[in-house]
Number of protein chains: 2
Amino acid sequence: MSNRITLADVAKLAGVHPGTVSRALSGKTENQVNAATVRRVRRAAKQLGYMPNAMARGLRTRSSMTIGVIVPDLMNPIFPPMVRGIDSYLAPRGFSAFVVNTDGKDAAERTLFESLMERQVDGFIVATGHTDHVLMADALARGVLAVMVNREAHGVSFPSVTGDDARGIHEVVAHLSELGHRRILHLAGPRGFSTSEIRESAFQAACSQTGAAGRVVPTSSYSIDAGQSALDVVLDQGVDGFTAVVAANDLLALGAYHSLRMHGLDCPGDISVVGFNDMPFAGDFLPPMTTVRSPHFEMGVEAARLLLEQIASGQSSAVSVKLPVALVVRGSSGPARRRAIS
Amino acid sequence: MSNRITLADVAKLAGVHPGTVSRALSGKTENQVNAATVRRVRRAAKQLGYMPNAMARGLRTRSSMTIGVIVPDLMNPIFPPMVRGIDSYLAPRGFSAFVVNTDGKDAAERTLFESLMERQVDGFIVATGHTDHVLMADALARGVLAVMVNREAHGVSFPSVTGDDARGIHEVVAHLSELGHRRILHLAGPRGFSTSEIRESAFQAACSQTGAAGRVVPTSSYSIDAGQSALDVVLDQGVDGFTAVVAANDLLALGAYHSLRMHGLDCPGDISVVGFNDMPFAGDFLPPMTTVRSPHFEMGVEAARLLLEQIASGQSSAVSVKLPVALVVRGSSGPARRRAIS
DNA sequence: GTGAAAGCGCTAACAT
DNA sequence: ATGTTAGCGCTTTCAC
């Protein structure tokens, strides 16, 4: 694009050496130069409309002040708040977030990772990935600075920040139990994700703790369609007397809504449904969704904080932060009712 | 971060000059070099795990292969699809999108714009802004390449891509008219935005065309709260016999839902509500929302296409693309019914 | 307190 | 077909 004005131009106008202009404009080095000179340089810079060239600076300083943020898909409503959280922490500190979407594809993720490396990002915030996260494993080996958010990978010692999912699921099961539900179905997330695993085992634990009969049905992805077809299969079998569905996330719960509706079942009249995440607009659904609020914005903030801490210190810390979650009771959960299935 | 391997390292291993490595690896210049050499260089590069340094390359070539994307707020659900659309066009062409959020604040927008300029973006896609868009006006003066999406600015000759909003509003009013609505309220968007203006005047035109009585109530922002409080005011007045609300977007319509519910009114039984945009999950609301589908993803694609075209040609074209929209009838619009308001 | 000079890693004339 | 050279715009050590 345009803007051809360089340090040298400013230096010429101010009648000083380019090096001096650099120092005068820097902030960190501003005190190394005569106050009067600083003013003169500033005036010249403003007059010319000087803007530093971030690529030249970055090349010289080996730092881009940019953080690579890798998410599966911005269209999944939990990610925008997370990205905004990240940005809200980075921006005041002079960093920017560069966000890329993998669509859950490992190949794409690898390519995007490389491309962010080429852009010389100063670190990564990674919200994708399986428990067996090959990319992160060798990112670690390469000495890359990163923090994982919402997901964890086994045996990869990056710091991570997640919600206290197990706690959330326990609260859900307790809530359902109080409403009299004794047979509960868990629409589990897809295999190979830490979120799926943690929520599922918390579900099992909570059920045996409250004495409820828990059944787990896995889904193929965290999506409306996957939730719908998984529940369709169960409902079509026509057996089982469960009265409540605990979905591993809100999208799955929405899929459950659809399936129930298709089968002429009322929620929460016939079957209660509880989601997970409290995604935006969850309270506006039909029925308003009972779910667990995950602090996505705060997760982003915390991840950014952890990463900048690493960047400042130059070393990885491998801490793992677990943020509190909260059950939000709305209209999709109600008293258990005996029900006959065709 | 790590990765200290440069062209020179590869050159040494391959036993050739750095310049040759550059050519061998480039694609555009690959044919200028002996095929055997190319292979040797490639092997050396792979063996060392060489990655080009984008800052060094960009500094030299004066191009960052990056597009700055300025949106108000990624948490507004119309933007993620737009961003994905942009990215889907850019990525295969070697470009990346750098997205920033202004939160509707002019000062933030200016700062972010400068920061993207410093990063040497090759062009802008701008989804923010008033009809009186000061920033864009002087961006134009600076010779910056940009396209506006979803919004237009008066007297600023950047290309723009929008939905055919006027057409959409006409279809809404016709739909309502067929359902027997004769008195219709328009919850207009905030003043100073092209979307607000276009939808409002289309509403007026459509009403007089169908002979319906149209009343316009402006809102303070495109948000749920603004929609709710604007309708609250009308409903609290207790006069007026409108039977339908045409909201300038889905968020406003959702606010209308809330207001209606607070006033003990049923939608669509007492009052029909129609939104605009067909944001994600609009069909899952209570009631499922009748709205106009704006092709946000496609708008992103088109904007990216237009911008890359400008970049390739080096000149601005000032075309204005209007993409088709479609009325999506769901459950929030129904037959007009006589109604008594307290 | 400021000037001089080198160099970050790359590409693109220009030579050969 | 490949080597040489210069330089993109900046920061930073080293002089003075």
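All values below were derived from every heavy atom in this structure, side-chain atoms included, with hydrogens, water molecules and symmetry-related copies excluded. In this text, all values refer to a predicted model and were calculated from it rather than measured experimentally.
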Measure the distance from [atom1] on [X] to [atom2] on [N] and round it to the nearest whole Å.
{"X": "B:Leu59", "N": "C:dC8", "atom1": "CG", "atom2": "C1'", "answer": "9 Å"}
{"X": "B:Lys12", "N": "C:dG9", "atom1": "NZ", "atom2": "P", "answer": "12 Å"}
{"X": "B:Met51", "N": "C:dC8", "atom1": "CE", "atom2": "P", "answer": "20 Å"}
{"X": "A:Glu30", "N": "C:dG1", "atom1": "CD", "atom2": "P", "answer": "13 Å"}
{"X": "B:Arg57", "N": "D:dG7", "atom1": "CZ", "atom2": "C1'", "answer": "17 Å"}
{"X": "A:Asn31", "N": "D:dT12", "atom1": "CG", "atom2": "P", "answer": "13 Å"}
{"X": "A:Arg60", "N": "C:dA5", "atom1": "CZ", "atom2": "P", "answer": "16 Å"}
{"X": "A:Ile5", "N": "D:dG9", "atom1": "CD1", "atom2": "P", "answer": "11 Å"}

| Picking from D:dT2, C:dG9, C:dC8, which would you name as closest to the side chain of B:Gln32? |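 Looking only at heavy atoms from C-beta outward on B:Gln32, the closest nucleotide is D:dT2.
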| A:Thr6 side chain, from C-beta outward: closest of C:dG1, D:dC10, C:dT11 |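 That would be D:dC10.
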Are OP1 or OP2 of [N] and a side-chain N or O of [X] less than 4.0 angstrom apart?
{"X": "B:Arg62", "N": "D:dC8", "value": "no"}
{"X": "A:Thr37", "N": "C:dT2", "value": "yes"}
{"X": "A:His17", "N": "C:dT2", "value": "no"}
{"X": "B:Arg4", "N": "C:dG9", "value": "yes"}

| B:Gln310 vs B:Ser317, side chain to side chain donor-acceptor pair (under 3.5 Å): CA-CA, chis, key distance, verdict | CA-CA 7 Å; B:Gln310 285 190 72; B:Ser317 49; 5.0 Å; no
| query | Which part of the nucleic acid, if any, lies within reach of B:Ser22 when heavy atoms closer than 4.0 Å are counted: base, sugar-phosphate only, or nothing? | reply |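 Base: the residue B:Ser22, judged by heavy atoms under 4.0 Å, touches a nucleobase.
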| query | Of A:Asn53 and B:Val16, whose closest DNA chain D nucleotide lies nearer the 5' terminus? | reply |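 Counting from the 5' end, the first nearest nucleotide belongs to B:Val16.
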| query | Between B:Val33 and A:Leu7, who's closer to the 5' end of DNA chain D by nearest nucleotide? | reply |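 Counting from the 5' end, the first nearest nucleotide belongs to B:Val33.
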| query | Between B:Phe124 and B:Phe113, does the ring centroid distance fall short of 6.0 Å? | reply |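 Yes, ring centres under 6.0 Å apart.
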Show me the donor-acceptor pairs within less than 3.5 Å that the side chains of residues 296-306 of chain A make with the rest of the protein, sequence neighbours left out.
residue: A:Glu302; atom: OE1; partner: A:Arg305; partner atom: NE; Å: 3.3
residue: A:Glu302; atom: OE2; partner: A:Arg305; partner atom: NH2; Å: 2.7
residue: A:Arg305; atom: NH1; partner: A:Glu309; partner atom: OE1; Å: 2.8

When the side chains of residues 145-157 of chain A are checked against the rest of the protein, which donor-acceptor pairs come out under 3.5 Å, sequence neighbours left out?
residue: A:Glu152; atom: OE2; partner: A:Ser160; partner atom: OG; Å: 3.3

| No-H, no-angle donor-acceptor pair, A:Arg23 side chain to C:dG3 base, under 3.5 Å |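 In this structure, the two groups form a donor-acceptor pair.
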| message | Pick the closest DNA chain C nucleotide for A:Gly19 and for A:Arg40 by heavy atoms, then say which residue is nearer the 5' end. | response |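 Final value for this comparison: A:Arg40.
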| task | Please assess A:Lys105 against A:Asp73 for the test salt bridge (Lys or Arg N to Asp or Glu O under 4.0 Å), listing each intermediate value before the final yes or no. | result | CA-CA 10 Å; A:Lys105 296 200 273 275; A:Asp73 180 11; over 6 Å; no
